[in-house]
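One structure is given here, and the rest of the page talks about it.
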Amino acid sequence: MCRIAGIFSREIPIDTMNRMVLNMCELQKHGGPDDAGIYSAETGNLVLGNRRLALLDLSEAGHQPMQYESRYHITYNGEVYNFRELKETLKELGHQFHTNTDTEVVAATYSRWGAQGFARLKGMFALAIWDSMEKELVLARDAAGMKPLYYTRENNGLAFASELRALRILPEMDKANENWQVYLMAYGHVPEPVTTLEKVFPLPKGCFLKYNTGTCTYTIQNFKHYSFSNVIRDEITAIAAIRQQIKSAVERHLLADAPIGIFLSGGVDSGILTMLAAKHNKEKLNSLSIYFEEERYSEKKFQDILIDKAGCNNRQFLLKESEFHQCLPGILDDMDMPCCDGINTWFISKYARQQGLKAVISGIGGDELFGGYPSFNQMKLSSFLHKLPAFMINIGRRSNTKQLNRLSYLNMDGIKGIYLFLRGHFTPLEIARQLDASEDDIWDLLNNVPVFQDLPNLPLKEQASWMEFNIYMQNQLLRDADVMGMANSVEIRVPFLDDDLLKLVMSVSSKVKYEGNGPKPLLVNAYMDELPQAIWKRPKMGFSFPFTEWLNKSEYVKEMMEAGSANTKQNYQRFKEGDLHWSHLMALIHLNKKKHA
């Protein structure tokens, strides 16, 4: 796992580009503390850079950027879990290898099959490959969007990096996209393809960008995407297949030449992953848990049950309010883009690194695929309300009642309107007041970007799954996992997003997958005999902290809010009175952070 960067330019001298890429990599050093490398193609006006977090082949043989044959150079961030199988296939086709890394296999895969080879990679990745013969630079990102990759195309050139902060130092790239504040207040995150920089964009997941350095033109094409089908229609078949695929996924994700851990929250998803991982390699596994003095937030009693059942090495960390206050300003600085969550992931990643772990397993994806969120049961009512005439939807537009107030989002077409109705933070009217802007302009921005596909033929609960997978998980959970994990030099792995498992779960009919008692009925039924009853019968808590109480006592936040606008002060008072959720306050913190600094 690494951080990557690079520049192609006809106008910038190669020595200057070298310095720029070195600086870009230095800004991302937290995500790759073990090694640094740079490659300059003077005849190609190109520089590639890499910061390495060594997990496979810890020797110097894993140094990047890596040359393959005499034609290709690769800088790569990721883990491809089927690289050994691919390596054997490529050997049979005549390819030779000199390292035990997946990086070399990825380069060989491209040399054999070109961009079509990306579809063969099962794992998470963001990469750049320079083809010195064709004079082409190729960028690619995994189909589930687990790893980030940002690019900008300006002045007969192309630049890319794993984090926005690295691109911000380039000439003319630090111009802010002022509209990010609108999206943050609406979504609670900055949704792709929006970024906080006007000229920088994320490469879409499952896509590759091919840049011709001769003509300075590029194309973006899709190489893989996931879709729902209705192939498996009986529960017995589904359960057998799911048990096998989750077992295989966990075993693949334990692949490492360095110590590995697992986040154990005390819920169903992390419980299943912990037990399977412990069964596969109990001695190597280290589970990590956080608990609190505030008992109503602490999941320690459930963690203890699972720790006793799994029997693996475990460390539990008591996170105190004083540590939260001490770390909060630094955590906000570590966010590459503002988000109203992710603080929890930062702390567990910090503790993982303190234990000497470089990789940890997370249960992200279980709720999105198997139906763990309230939205799955709210889709029927939401869909009905979505079809109401506009005058009825607008009845609660100026209401002080949150649910009525948010009804206005159902004026928006498609799944976007339903998502913002169910998960939106502030309404366009509230955003306009906070930003001193026109409400019509706010509506225009939100209506036009991002664009989501139509889902007319999907059952309602699969629409919920698509929505949570492609909006909430993509833009918030996965980005948090990557940024907050790598801020602490820790790679976060997500077995529920394993390629084979994703294809399988999406092939199970909606009726089999979601009908039953409680959240995630199919997943629970699949592991009911192995999970302690106290775990699968418990109410869902999520991975939450006592944020309301702690933020309420934060002098840092208080000083920031009291220095803000009249509307900021008013919303802060709403929070103090219990009328504004802590995650909504986080949006205001991000809006006022720069002014406060």
Side-chain angles (χ1 to χ4, degrees), residues 143-146 187 191-193 204-207 222-235 237-239 241-242 245 364-388 393 406-407 409-424 446-447 449-478 494 496-526:
M146 289 178 271
Y187 286 86
E192 296 185 10
K205 62 183 179 182
C207 289
N222 180 270
F223 65 83
K224 182 189 286 186
H225 72 278
Y226 300 105
S227 58
F228 294 95
S229 64
N230 198 25
V231 176
I232 300 177
R233 302 185 183 188
D234 70 277
E235 187 179 36
T237 302
I239 285 177
I242 284 168
Q245 285 297 350
I364 291 173
D367 288 320
E368 290 78 6
L369 292 170
F370 291 98
Y373 294 126
S375 58
F376 284 81
N377 291 324
Q378 294 167 344
M379 284 298 292
K380 188 174 182 179
L381 176 60
S382 300
S383 181
F384 168 77
L385 294 173
H386 203 198
K387 296 171 185 175
L388 292 176
I393 289 173
R406 227 161 43 187
L407 264 175
Y409 271 126
L410 293 176
N411 284 307
M412 305 175 81
D413 293 334
I415 199 70
K416 182 191 296 186
I418 291 177
Y419 179 85
L420 288 171
F421 167 62
L422 292 175
R423 280 197 177 271
L446 295 175
N447 271 308
V449 179
V451 176
F452 300 119
Q453 70 183 73
D454 292 330
L455 309 172
N457 299 318
L458 282 182
L460 289 175
K461 290 193 175 182
E462 285 190 344
Q463 289 187 36
S465 180
W466 188 98
M467 176 181 77
E468 300 290 10
F469 188 93
N470 289 284
I471 307 178
Y472 178 65
M473 184 190 77
Q474 177 65 69
N475 297 296
Q476 188 157 316
L477 299 185
L478 288 180
V494 280
F496 280 115
L497 302 187
D498 176 83
D499 184 68
D500 292 336
L501 181 57
L502 277 175
K503 291 175 183 174
L504 169 67
V505 176
M506 290 188 173
S507 73
V508 178
S509 73
S510 181
K511 184 174 182 180
V512 170
K513 200 160 28 182
Y514 303 122
E515 286 195 5
N517 296 321
K520 295 177 282 196
L522 182 62
L523 185 64
V524 169
N525 288 343

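We number each residue from 1, following the sequence as shown. None of these values were measured; they are calculated from a predicted model.
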Inset, instruction - Could you tell me whether the side chain of Q474 and the main chain of G145 form a donor-acceptor pair under 3.5 Å? - result: yes
Inset, instruction - Measure the CG-CZ distance between L460 and F384 for me, rounded to the nearest 0.5 Å. - result: 13.0 Å
Inset, instruction - Would you give the length of the straight line joining atom CD of Q245 to atom CG of D500, rounded to the nearest 0.5 angstrom? - result: 5.0 Å
Inset, instruction - Compare every heavy atom of M412 with every heavy atom of L420, then report the nearest pair and how far apart it is. - result: CD1-SD, 3.8 Å
Legend entry - CA sep, side-chain torsions, deciding dist, call: L388, L410, side chain to side chain contact (heavy atoms under 4.5 Å, CB included): CA-CA 9 Å; L388 292 176; L410 293 176; over 6 Å; no
Inset, instruction - Give the minimum heavy-atom separation between G516 and P521, together with the two atoms involved. - result: CA-CB, 3.9 Å
Inset, instruction - Decide yes or no for Q453 and N470: does some side-chain heavy atom of the first lie under 4.5 Å from some side-chain heavy atom of the second? - result: no
Inset, instruction - Side-chain contact test, heavy atoms from C-beta onward, threshold under 4.5 Å: evaluate it for Y514 versus L522 and give yes or no. - result: no
Legend entry - Least distance between heavy atoms, F496 atom then L369 atom: O-CD1, 3.3 Å
Legend entry - side chain to side chain contact (heavy atoms under 4.5 Å, CB included) between D367 and K520, intermediate numbers included: CA-CA 7 Å; D367 288 320; K520 295 177 282 196; 2.8 Å; yes
Legend entry - Nearest heavy-atom neighbours spanning N230 and S509: OD1-CB, 2.6 Å
Legend entry - With M467, the side chain to side chain contact (heavy atoms under 4.5 Å, CB included) member among Y373, Y472, Y419: Y419
Inset, instruction - Any chance you could lay out the side chain to side chain contact (heavy atoms under 4.5 Å, CB included) test for H386 and F421, step after step, and finish with the verdict? - result: CA-CA 9 Å; H386 203 198; F421 167 62; over 6 Å; no
Inset, instruction - Specify the closest pair of heavy atoms between S465 and F228, including all atoms of both residues, with the distance to one decimal. - result: OG-CZ, 3.7 Å
Inset, instruction - Would you mind listing every salt bridge (charged side-chain N to carboxylate O under 4.0 Å, His left out) that reaches into residues 506-518, with sequence neighbours excluded? - result: E462-K513
Legend entry - Considering all heavy atoms, the nearest P519-V524 contact: O-CG2, 3.9 Å
Tell me which donor-acceptor pairs under 3.5 Å the side chains of residues 501-508 have, and how far apart each pair is, sequence neighbours excluded?
| from | atom 1 | to | atom 2 | distance (Å) |
| --- | --- | --- | --- | --- |
| K503 | NZ | D499 | OD2 | 3.1 |
| S507 | OG | L504 | O | 2.6 |

Inset, instruction - Give, for atom CG of N475 and atom CD of E192, the distance between the pair rounded to the nearest 0.5 Å. - result: 5.0 Å
Inset, instruction - Please answer whether the main-chain N or O of L458 pairs with a side-chain N or O of Q463 as donor and acceptor at a distance below 3.5 Å. - result: yes
Inset, instruction - Test side chain to side chain contact (heavy atoms under 4.5 Å, CB included) on I471 and Y187 and set out the steps. - result: CA-CA 9 Å; I471 307 178; Y187 286 86; 4.2 Å; yes
Legend entry - Nearest-0.5 Å distance, NZ of residue K205 to NZ of residue K224: 13.0 Å
Legend entry - Gap between atom CD of E235 and atom CG of N525 - 0.5 Å precision: 5.0 Å
Legend entry - Heavy-atom side-chain proximity of I232 to V512 below 4.5 angstrom: no
Inset, instruction - Nearest 0.5 Å please: distance from the CG atom of L422 over to the CZ atom of F376. - result: 11.5 Å
Inset, instruction - Answer yes or no: is there a side-chain heavy-atom contact under 4.5 Å between P374 and Q378? - result: yes
Legend entry - Test item: L478 and F469 side chains (from C-beta on) under 4.5 Å apart, heavy atoms: no
Inset, instruction - Can you establish whether the number of heavy atoms outside D413 located under 6.0 Å from its atom CG is more than 12? - result: no
